[in-house]
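Remarks on the structure that follows.
The chains referred to below are lettered A, B, ... by the order of the sequence lines, with proteins before strands, and numbering in each begins at 1.
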Amino acid sequence: MEFKDYYKTLGLSQDASQEEVKRAYRRLARKFHPDVSKEPDAENRFKEVNEAYEVLKDPEKRSAYDRLGSEWQGGQDFRPPPEWDAGFEFRGGGFTDADTAGFSDFFETLFGAGGPFRGARGAHTRGAALRGEDHHAKVLIELEDAYHGATRQIRLEMPELDPHGRVRRRPRTLQVRIPKGVTAGQHIRLAGQGAPGPGGGPAGDLYLEIAFRPHPRFEVHGRDIYSTLPVTPWEAALGGRVQAPTLGGPVDLQIPAGSQSGRKLRLKGRGLPGRTPGDQYVVLQIVTPPADTEATRRFYEQMARTFSFDPRTGQGG
Amino acid sequence: MSGREPITLSGWVLDEESTVGLGELCRAACVSAELLLDMVQEGLLEPQGGESPADWRFPATALTRVWVVVRLQRDLQVNLAGAALALDLIEELNTLRERVRALEHQLRPDPD
């Protein structure tokens, strides 16, 4: 198992005061809080910060951790020395009040259930006493699945307690119906798919938060879809009918004469379905053909002579 | 609770159109009715349906707001007013991020 450098995680030196530990934690918790942060990997960073704080905020855990010695480096292979926790007096447990389900093996071994620091794990008795906990998971789906509706297999890792009271992650696969018209950020509740109820009580629910995999062609904004459509200069200038891709397949689109790059055309109701279906916005992008032959070069030169056109007029350049 | 079951699970989408009562929201969010009443007082939740809490109906999306408030309270020790402010800012931030993504998409040349 890897050694965890909790001081490094919080950006502190070993002689940091308890006040400094708290301040560093508060700052990093705000920075990486998954509800607020869009830092890549915020969720894992938040867990690491919480794990480090869980140990360093508690003088007893901290001094036990410090006793491991300062020669350890984060990521080094670590085995706890025998009797590492001998000679400490501990309060009656219940220290680990954070949700430790996502903490590292390193934490579990030193401070988790089964060790001297084991606390009353069910301390946060939320909701009905015998109902299992609700679980949450974010799932990535294809935009097409939200447009058409689909049945998809999703793989999840479910935290559960082993017979020794340690948290283990058990992989499981669920086959889930993705309802037509679901949008990013919405949750799907799967009744009874959360943690089993202790003592045979009803299981909790599983909430799946929907997120879309990035799409090569479409961008989503609520139920509206944005796409870019390349057009030729003559299609833009003279107008014409072209085919535009939509989630429901290609549709005919009338390009108005005199269009410029960036012109936004609305395809009503071609966004994600719903009581009020979204629209698709097609943004025109004029692509000029290359002047790579004698004939095409001459044609461009003729255009330059024919048009008295300066797109930079009024720019002061 | 077995690992690989071929049964297809159909869930309930928490959207603006489906609504829940106070009791159901308490149960689903695993919070006390008092906290929800405080959240209504703070303007964090806007129930429809009637004056009496027994007649209140919340959009199902209220559940996700309650979760965020509970997490912010637990993890960052903010009070309800602070959570309300954070929630408004988070929503505004998400809207802006979506706008930025959409605008960046418009500036980007088509992949084909």
Task: Part of H187(A) within contact of chain B (heavy atom distance under 4.5 Å) - done: both
Open item on the list: Can you tell me how far apart CD (E98(B)) and CG (D224(A)) are? Round to the nearest 0.5 Å.
Closed with: 9.5 Å
Open item on the list: Within a 6.0 Å radius of atom CD on Q243(A), are there more than 12 heavy atoms belonging to other residues, nucleotides or ligands?
Closed with: yes
Task: Neighbourhood of chain A inside residues 81-94 of chain B, taking heavy atoms under 4.5 Å as contact - done: I90(B), L93(B), N94(B)
TODO: Hey, could you give me the CG/CH2 distance between D134(A) and W67(B), rounded to the nearest 0.5 Å?
DONE: 7.5 Å
Task: Donor on one side chain, acceptor on other, R177(A) and S10(B), under 3.5 Å - done: yes
Task: Residue selection (most heavy-atom pairs with chain B, distance under 4.5 Å) from R26(A), H221(A), E209(A) - done: H221(A)
- [ ] Name the member of S32(B), A28(B), A60(B), C26(B) that forms the most heavy-atom pairs with chain A at distances under 4.5 Å.
- [x] A28(B)
Open item on the list: Out of the candidates T61(B), T64(B), L14(B), D15(B), only one should pair with Q186(A) under the side-chain contact (heavy atoms from CB on, under 4.5 Å) rule; please name it.
Closed with: D15(B)
- [ ] Kindly check if the number of other-residue, nucleotide or ligand heavy atoms within 6.0 Å of CD (Q48(B)) is above 12?
- [x] no
Open item on the list: Are the side chains of Y226(A) and R101(B) in contact, using a 4.5 Å heavy-atom criterion?
Closed with: no
Open item on the list: Looking at chain A, which one of T95(B), V68(B), V78(B) has the largest number of heavy-atom pairs inside 4.5 Å, strictly under?
Closed with: V68(B)
Task: Validation row: E16(B), R275(A) side chains within 4.5 angstrom (heavy atoms) - done: no
Open item on the list: Between V182(A), L190(A), T183(A), who has the most heavy-atom pairs with chain B when the cutoff is under 4.5 Å?
Closed with: L190(A)
- [ ] Work out which heavy atom in I188(A) is nearest to a heavy atom in V13(B); give both atom names and the distance.
- [x] CG1-CG2, 4.2 Å
- [ ] Evaluate the side-chain proximity of R30(A) to L76(B): yes if any heavy-atom separation is below 4.5 Å, no if none is.
- [x] yes
Open item on the list: Does L72(B) form a side-chain contact (heavy atoms from CB on, under 4.5 Å) with V36(A)? I'd like the steps, not just the answer.
Closed with: CA-CA 9 Å; L72(B) 290 173; V36(A) 185; 4.1 Å; yes
Open item on the list: What verdict does the side-chain contact (heavy atoms from CB on, under 4.5 Å) test give for R131(A) and C30(B), after you've listed the backbone C-alpha separation in whole Å, the side-chain angles of each residue and the deciding distance to 0.1 Å?
Closed with: CA-CA 10 Å; R131(A) 189 172 165 270; C30(B) 298; 4.2 Å; yes
Task: More than 12 heavy atoms from other groups under 6.0 Å of CZ on R65(B) - done: yes
Task: Non-hydrogen side-chain atoms of R71(B) and P34(A) separated by less than 4.5 Å - done: no
Task: Per-residue contact mode, D35(A) against chain B (heavy atom under 4.5 angstrom) - done: both
Task: Least distance between heavy atoms, Y25(A) atom then D75(B) atom - done: OH-O, 3.5 Å
TODO: Kindly indicate whether the side chain of E219(A), heavy atoms from C-beta on, has any atom under 4.5 Å from the side chain of E104(B).
DONE: no
- [ ] Please state whether the side chain, the backbone, both or neither of A29(A) comes within less than 4.5 Å of a heavy atom of chain B.
- [x] both
Open item on the list: Which atoms of Y207(A) are under 4.5 Å from chain B, going by heavy atoms: the side chain, the backbone, both sets, or neither?
Closed with: side chain
